[in-house]
Amino acid sequence: MSSPTHIVIFGASGDLTKRKLLPALYALSCETLIADDVVIVGFARKEKSHEQFRTELGEAIKQHSRFKDKAEESGKCPWKTFAERVYYHKGDFANAEDYASLLKFLDSLPPKNTGPSNRLFYLATPPSVFSVIIQRLGGAGLVTKEANDDGWTRIIVEKPFGSDLETARILNEQIAAVFQEDQIYRIDHYLGKETVQNILVFRMSNGIFEPLWNNHYIDHVQITVAEPLGVEERGSYFEEAGILRDMIQSHVLQLLTLIAMEPPVAFEANAIRDEKVKVLHAIRPYSQTDVTDHVVRAQYVAKNIDGNAMVGYRQEPEVNPKSTTETFVAMRLDIDNWRWAGVPFYLRVGKRLAKRLTEVAIYFKHAPYALFRSAGCYTLEPNVLALRIQPNEGISLGFGSKAPGTTIRIDPVQMDFLYETSFQDAQPEAYERLLSDCLTGDSTLFARRDEIEHAWDLVTRILHVWNGIPRPQLPEYQSGSWGPDESDDLIRKDLRKWRKL
Ligand code: BG6
């Protein structure tokens, strides 16, 4: 007999629940990708009735769901019908009694008399309360360690997972005291994006790329994650985090491992994650001098863009006017293994940059010599394979072509694949895929304990060096630019340049 599944969302009044989680669960239901006996329970501090909670979420669905057109009662997927499976439980994250009452409440939910149920706990709260929630869940007997025929228990932990290596290790210990590793789903929503999943498919399902995917043919790799937005209302979070923790430790290193990993022995969670961990392990650890030489940090300053006055980071709400938090990082990493030795990976990430764009660009080595020199063509552009993660999702390959005419002129041209034109189906949101995978027990797209700790190790080395600099002189960059001059210098000293995007 199958068991009903109760999804309990801690931090149910928060933005993530409204913008991402409920729209994702609702979409899965519209697409009949989750069973009818999946029940959602919001757990948060505010006093609220089930009905109030449903109404609030209904408003959120109208704004954020990709199925909002079908949510009307007359539509194909009425929100009202889905909302009957949504409940609210008021509770204080630290109060043990509120967890005892949660247990009772879950047991009272329909369908009754079906025996034990599956339980998925989602930590969508600020990270400061992760530990206490985990301890209370264990203490209240809400967690069954061994899955059996009657049901399973799983937990999804939002990012940031710790704030350095030590805090990540402590959090891992605390979770491991209550859950087993295969019950723990550390989320990184980048892994749920179609284009990120496609990195492995592109590399491993096409015979022509993998033979070239190494230091014999690749000169270097550039990973860019650019956002035009500033920190907006997340100033107090960002002050503590900075972009190194916020983006590099998680999303960017995930992209890098997928690009650099060896083919796994199976398309299966642990086989894939084993290979990703090996990449992190092979990244050359930074010495103090390496951090100074290979990592640039900077902060955005005010600029007038198209008549709109963009404030600088230090003028953003809840930001210290003397803040030294970085909003931009450019860095060079080296992977010391057989495949990648001598191929630098350049990463650049920033808020308030020129445009929204996430891309991985593989720069191939030049053709061995300029055959066409005698015809006046002295330099050839390198072939660049660009994996566009977002927007304009797709892949392009740049190569040189003879420009039509009576003389030899070689111009760069592009072969381009666009998801939008090749696939008619709308891409599911990352959270849809990730929630669906967790419900089916597939942790391939979630970070394993050792993966998280290796990523933090790299980032923590940089943080230690930075923390030792009493009054850092942060380079500045203008809002709407591609970062500070120091970022160009970083790559220029290796006789390379950032890709024009
Ligand atoms: C989040 C970061 O994890 O990812 C944000 O905390 C960032 O600072 C966001 O803006 C980017 O996600 P996406 O999916 O919009 O690229």
Side-chain angles (χ1 to χ4, degrees), residues 11 14-21 23-24 27 63-64 66 122-128 130 156-163 168 185-199 223-256 258 297-300 313 316-319 323 325-329 347-360 387-394 419 426-435 445-447 452 455-456 459 479 483 501:
D15 232 31
L16 183 72
T17 306
K18 291 185 188 139
R19 283 174 181 271
K20 299 288 179 191
L21 304 184
Q63 278 186 51
H64 305 296
R66 65 187 184 98
Y122 199 118
L123 303 193
T125 62
S128 53
F130 285 174
I156 298 184
V157 187
E158 260 299 329
K159 80 179 261 281
F161 193 97
S163 55
Y185 290 71
R186 298 171 192 83
I187 207 161
D188 182 318
H189 78 278
Y190 257 56
L191 293 180
K193 292 181 190 278
E194 280 294 329
T195 45
V196 175
Q197 294 168 51
N198 193 37
I199 295 175
I223 303 181
T224 301
V225 182
E227 293 181 297
L229 296 179
V231 293
E232 308 195 303
E233 73 288 353
R234 293 170 79 219
S236 65
Y237 156 75
F238 207 83
E239 272 291 87
E240 294 294 313
I243 202 127
L244 183 73
R245 289 187 175 94
D246 185 47
M247 298 291 285
I248 300 262
Q249 184 276 335
S250 48
H251 311 324
V252 180
L253 286 179
Q254 285 292 345
L255 292 176
L256 180 142
L258 291 167
R297 57 176 159 160
Q299 210 177 59
Y300 62 83
Y313 177 67
E316 297 277 15
E318 297 181 50
V319 168
S323 170
T325 300
E326 81 289 350
T327 59
F328 175 95
V329 165
L347 320 178
R348 95 181 134 156
V349 182
K351 299 274 179 198
R352 274 267 192 271
L353 293 183
K355 55 160 95 152
R356 176 169 177 260
L357 183 134
T358 300
E359 184 200 79
V360 180
L387 310 180
R388 284 191 309 275
I389 306 299
Q390 65 190 26
N392 301 325
E393 289 79 0
Y419 273 77
Q427 295 192 23
E429 289 278 332
Y431 277 94
E432 292 171 31
R433 172 66 197 255
L434 295 172
L435 278 160
L445 301 178
F446 293 83
I452 287 273
W456 271 122
V459 163
S479 294
L501 296 167

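Below, each value reflects all heavy atoms present in this structure, side chains not excepted, and no hydrogens, waters or symmetry copies. Whatever order the structure lists them in is the order used to number ligands and atoms, beginning at 1. Since we're looking at a predicted model, the values are computed, not measured.
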For Glu239, all residues meeting salt bridge (charged side-chain N to carboxylate O under 4.0 Å, His left out), sequence neighbours excluded: none

With no hydrogens and no angle check, do the side chains of Tyr237 and Glu318 hold a donor and an acceptor under 3.5 Å apart? no

Side-chain ion pair, Lys351 and Glu227, N-O less than 4.0 Å: yes

Among residues at least two apart in sequence or on other chains, which ones pass ring-ring contact (aromatic ring centres under 6.0 Å, His included) with Phe161? none

Who are the ring-ring contact (aromatic ring centres under 6.0 Å, His included) partners of Phe446, not counting sequence neighbours? Tyr185

Close residues, ligand 1: non-hydrogen atom nearer than 4.0 Å: Lys159, His189, Tyr190, Lys193, Glu227, Arg234, Asp246, Met247, His251, Lys351, Gln390

So His251 and Tyr190, would you call those rings parallel, tilted or perpendicular, with 30° and 60° as cut-offs? parallel

